[in-house]
There are 4 protein chains.
Amino acid sequence: MLYFSCDYAEGCHPKVLEAISKTNMISTPGYGMDEFCESAKDKIRKYINCPQADIYFLVGGTQTNQVVIDSMLSNYDGVVAAATGHVAVHEAGAIEYSGHKVITIPAHKGKIDSVELSQMLKDHYDDESAEHMVNPGMVYISYPTEYGTLYSREELEGISSVCKDYGIPLFIDGARLAYGLAAQDDISMADLAKFADVFYIGGTKVGALFGEAVVFTKNNTPKHMITQIKQHGALLAKGRLLGVQFDALFTDDLYLEMGKNALECAAVIRSALVEKGYSLFMENPTNQIFVVMENDMLESFGTQVSYGFWEKYDDKHTVIRIATSWATKKDDVDELIKIL
Amino acid sequence: MLYFSCDYAEGCHPKVLEAISKTNMISTPGYGMDEFCESAKDKIRKYINCPQADIYFLVGGTQTNQVVIDSMLSNYDGVVAAATGHVAVHEAGAIEYSGHKVITIPAHKGKIDSVELSQMLKDHYDDESAEHMVNPGMVYISYPTEYGTLYSREELEGISSVCKDYGIPLFIDGARLAYGLAAQDDISMADLAKFADVFYIGGTKVGALFGEAVVFTKNNTPKHMITQIKQHGALLAKGRLLGVQFDALFTDDLYLEMGKNALECAAVIRSALVEKGYSLFMENPTNQIFVVMENDMLESFGTQVSYGFWEKYDDKHTVIRIATSWATKKDDVDELIKIL
Amino acid sequence: MLYFSCDYAEGCHPKVLEAISKTNMISTPGYGMDEFCESAKDKIRKYINCPQADIYFLVGGTQTNQVVIDSMLSNYDGVVAAATGHVAVHEAGAIEYSGHKVITIPAHKGKIDSVELSQMLKDHYDDESAEHMVNPGMVYISYPTEYGTLYSREELEGISSVCKDYGIPLFIDGARLAYGLAAQDDISMADLAKFADVFYIGGTKVGALFGEAVVFTKNNTPKHMITQIKQHGALLAKGRLLGVQFDALFTDDLYLEMGKNALECAAVIRSALVEKGYSLFMENPTNQIFVVMENDMLESFGTQVSYGFWEKYDDKHTVIRIATSWATKKDDVDELIKIL
Amino acid sequence: MLYFSCDYAEGCHPKVLEAISKTNMISTPGYGMDEFCESAKDKIRKYINCPQADIYFLVGGTQTNQVVIDSMLSNYDGVVAAATGHVAVHEAGAIEYSGHKVITIPAHKGKIDSVELSQMLKDHYDDESAEHMVNPGMVYISYPTEYGTLYSREELEGISSVCKDYGIPLFIDGARLAYGLAAQDDISMADLAKFADVFYIGGTKVGALFGEAVVFTKNNTPKHMITQIKQHGALLAKGRLLGVQFDALFTDDLYLEMGKNALECAAVIRSALVEKGYSLFMENPTNQIFVVMENDMLESFGTQVSYGFWEKYDDKHTVIRIATSWATKKDDVDELIKIL
């Protein structure tokens, strides 16, 4: 069986595993107060050219979104997101569970539009009933989006600028950050650190066993952050594991290298699909390929390839997801293309 | 100044005030454990022909929606509502505050469509990621809607039937119930008690100082309901006040009579508006009139009439709301028409 | 049946009812944006000699405690209270429902001790695990306490001073404020406004149909307070009712006068009890009398007098509460004494 | 530096690391829907002789307590715990954050007493104000307790029996379960599965990198458990890591073996301490040693040994914790004794 269903089907990159193994029996303080976490934070700060960055390591994506959003918002605030945003759709209500509304605005191939965002905020504050409505207290975008698409530099600048105008923080969800950065030459992680008030660097989907690095970029860490993380059940006892992993990810450009592997594999698959006459559902330059398949064909295809079901296309077709990752082997790509 | 901005601008109907005054110095137990509440509940049970109805009196609309939804849902549930529904827009996030997502579906003149509802529920349960999403645990509709429109008997049957098919309760928000019932001959409050698993009879906007009567119609009261009400800060110490008022509202058909007064006044105003060439924004048969006005005219109009701002129509026009109520006097209607 | 079970068994003081009746058909804006609320706020500001006081009217006590505590605390904060405090025991978990722990410290006749409070706060911040614990973010006391006892001026100064030292607000629950102020010559409401960062003036138990006036005394109102009140389901549509009532309560010293009536009646009953050989459970100078009664006697007593059950004393005795109020009539007191 | 500060200072047992390494590049479905999780669950079910056990793997202790308690309780419920219980003190308010009160009862060397528990429950339901109070909806105990003490078989039977009488579930927190079971011959994990309605098997403190196995023993899994776990941000994408680790822990009795190592080391240290004249603060038979040390001595001691600060004893003494674990080496124990 070939595995192309998602980008979290394997354990971790061998170099990450090596780091975990090598440090396994070293004794350290708990809860991230160890030297490995310090080292990883230093490397990230340098990598993003943001010496004041305050960094916290968490375990998973939904957890990270919940902790960041809840700790940065006040009671009366909600978070603005694309209607297709992960926080709006696929987090089992984790944001609402923490008491905050996800205020959705239209998604355009997974992205929000800065002009529409600006208009929405203006309309809110112009509304005589504004005090009877949830206050828009943060803007959430994902990079890449849930559909693998990417904001251009200009689009990011636009959204960041609207946020500044209204004095609300911009939060960038980077669960698949490496796959975005590897696709776009003119945007670096340091740029994102400038655009965003807080963002996270995804590890779970990019070569770590688990782990996301939250970066507060503007001396804007919420108070008592450790207490807030613990309160959400998100404080890892052996926090050093997160430090060890991110330290490895940010050694010798490993993080970006892994992104490149996924994108090279995805490009090969995309070409083959087009060549063979398949139609792509939503084109994007990153590691997720959304392709329209005939239902008749899917049954036998599914016995050879593990793919991701995405959505019904019409009565005879289905949109499926083929995802590559840091772990995708060129041999498996060749094998997949033979089957297609 | 003529007051047409809303239907809660005055105190209460004289008969309600008389009941409060007459019983004022009588001593009773607190928290609704008194004879007046019992009497009011009996009258409502008879009026809706539902002997098993379990009734609780609360103070206001948002509070009622929060308590009913939160007490009937489990942690993992959200409530399905029209995108324009009061719980989705104008309750300051009271539902999310209690931990539940408001799952919006398209509104058609304020109403949801039973076919779309059914499709949405089917899609949810067919989705392989359903367990990663909020479970649709209740359907919320308002009657009349926030735009004054009404579901037909057939539409209510359709929605009620979908809810039964999926085993989820239907909650009808009747903040302006009298104004809906007075407009529709073929739907009685007893019918609503059949369609709904829980509904509330609005008092605040229909002649009471305050108060909404929540009716559980299917032997389906959440456990420890008093504790849950108290936990939401919604248990009135002098609960007898709610009993006294609803007892008066359900004596000699007063509730429905008040609805009729509002509708008669609204009909006169609507005719005048049409006659004078105004265009109605969203036609409806109840007590709220949404009319498109020239901005130039609004300024002077506003010095004579207190109206409700609704929304911007275009650069030169605004949608305003003119609301009648149990308290609207025919003389004021005549006066208003002169000004128009 | 004589009613001595609580201080909220009747409607409202005749002067309050008169004010409600007189203003009943006047049209006003909703949600407390009316002239009556403004007038009441002005009178309170003058009465407490605190021109900067920011005042909000809410409906009931548990609601008020929930809204004040939740709006003033951050996520990571809890509220410190006596183990017997209303928020700790008798609010059905309304504080925890809003996400905050009630951190209890020992109660001495219902009161907390400033030295113990100071020690507890010191211990918390000295604890190396402080970040793994709930942060003490506010101190809550009730005046009078749940046992009718009163803090002395010196005790209030002590607690207020500890709060200032640690930079956390002091919240005084004044559900029965009039009954405390009437008992203590050397403490005025203006003094409480100085000691407290926020306090509330109870109306429900002192002559109003319902209503509590929250006073922020130090230019410290939480942001978007109206939104937060609405979010808790606590924003009254006809907010004018609260303004009308508090305006009446603060006209011609009515509020304090009602306190005096209750205390005079209580004093007479206390003397009679002592004379007749009953033993008082917890002595206090306010309107609640806790007396130890033989179970054998209670049965017949209960057929003539409605009293409050407090707690089991021993196998043969029970502690009951006899409460007087603004509404207690001297004739009923005489009648009660005959029965004792 | 010798590390005796806690039982989570190292990574994982070499056999666990080997299992992680060996399976690292195998592709599996996410979220715990993999063969390793299935295998681990099977082994646990057999080990506890409970074929109907329904098992979920979570990441950490506070998270597990939050998810279990919140998913099993209704809105109106609180959880009963010892005043010294982890959920009451050291979880940063994670339980209250989820809306539930921790109802504390006295702790006796970290344990609750079944007679006191029974009396408390009886008093609650006898109280006429019960509906105004938080309902006791679950009993939480830890085994071993936070002070390393253990309930006897008889004590567990007593508590379990009280819970059955009142129809509320018993939850046993087994964060350090191996260290308890290794100390007590007459209690097996199978026994705990009988006494408890739900319990968890701690991995983080017993040889895993992280992970706790929640076991529902009475066909009593909360509905939509995966959704609820996700909603709390607690669903691990690469759930297989938890399966792989628990599979290793439950192979060849590794879990219990690790407990024995810790206890042997602790016994040697305890003897040495007593021999050298130190006084133990609270004696217990498990892996945590609480010893009273002179402050003067602590300074130099701290330069050689990492210990856990517990609490101030008196002005000249401090209680410290020396913890052994699966990872403690006999050489380090000898070294420690030399220093003492």
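Just so you know, these numbers come straight off a predicted model, no measurement behind them. All values below come from the heavy atoms of this structure, side chains included, with hydrogens, waters and symmetry mates left out. The chains referred to below are lettered A, B, ... by the order of the sequence lines, with proteins before strands, and numbering in each begins at 1.
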Side chains of B/Glu10 and C/Asn24 in contact at under 4.5 Å (non-hydrogen atoms)
no

Heavy-atom pair with the smallest gap, counting every atom of B/Gly180 and B/Tyr143
O-OH, 3.9 Å

Residues forming a ring pair (Phe, Tyr, Trp, His ring centres under 6.0 Å) with C/Tyr8, sequence neighbours excluded
B/Tyr31

Top contributor to chain B interface from C/Ser306, C/Pro14, C/Pro29 [non-hydrogen pairs under 4.5 Å]:
C/Pro29

Does either side chain, that of B/Thr303 or that of B/Glu299, offer a donor lying less than 3.5 Å from an acceptor on the other one?
no

Top of C/Glu91, C/Lys205, C/His90, C/Arg240 for chain B proximity - count of heavy-atom pairs under 4.5 angstrom
C/Arg240

Interface residue of largest heavy-atom contact number with chain C, from B/Ser27, B/Cys12, B/Gly11, under 4.5 Å:
B/Ser27

B/Cys6 versus chain C, heavy atoms under 4.5 Å apart: side chain, backbone, both or neither?
neither

Which one of C/Leu209, C/Thr227, C/Ile229 has the most heavy-atom pairs closer than 4.5 Å to chain B?
C/Leu209

Within residues 93-102 of chain B, residues adjacent to chain C where the heavy-atom gap is under 4.5 Å
B/Gly93, B/Ala94, B/Tyr97, B/Ser98

Relative to chain C, which of B/Ser21, B/Gly61, B/Ser5 shows the most heavy atom pairs under 4.5 Å?
B/Ser21

Atom of B/Gly202, atom of B/Tyr255 and distance for their closest heavy-atom approach:
O-OH, 2.7 Å

Quick check for you: to the nearest 0.5 Å, what is the distance between B/Phe4 atom CZ and B/Gln288 atom CD?
14.0 Å

Anything under 30° is parallel, anything over 60° is perpendicular, the rest tilted; go ahead and classify B/Phe171 against B/Tyr140.
perpendicular

For residues C/Thr23 and C/Leu241, determine if any side-chain heavy atom of one lies less than 4.5 Å from a side-chain heavy atom of the other.
no

From C/Ile201 atom CD1 to C/Asp173 atom CG, the distance as rounded to the nearest 0.5 Å
12.0 Å

Closest heavy-atom pair and its distance - B/Phe36, B/Asp34
N-OD2, 2.9 Å

Can you tell me which portion of C/Ala175 sits under 4.5 Å from chain B's heavy atoms? Options are side chain, backbone, both or neither.
neither

So, B/Glu212 versus B/Thr204: side-chain donor-acceptor pair below 3.5 Å or not?
yes

Under 4.5 Å from any heavy atom of chain B, what part of C/Ala234 do you find: side chain, backbone, both or neither?
neither

Residue pair C/Leu254 / C/Ala248: nearest heavy atoms and the distance that separates them:
CD2-O, 3.6 Å

Could you pull out the closest heavy-atom pair between C/Phe210 and B/Leu236, with the gap in Å?
CB-CD1, 4.2 Å

Under a 4.5 Å heavy-atom criterion, the part of residues 63-79 of chain B in contact with chain C comprises B/Gln63, B/Gln66, B/Asp70

Residues 320-333 of chain B: residues contacting chain C (heavy atom under 4.5 Å, by number)
B/Trp326, B/Ala327

Can you measure from SG (C/Cys265) to CG (C/Leu336) and round to the nearest 0.5 angstrom?
10.5 Å

Aromatic ring proximity C/Phe246/C/Phe57, centre distance under 6.0 Å
yes

B/Cys37 and B/Gly32 have their tightest heavy-atom pair at CB-O, 3.5 Å

Side chain of B/Gln304, backbone of B/Leu2: donor and acceptor closer than 3.5 Å?
no

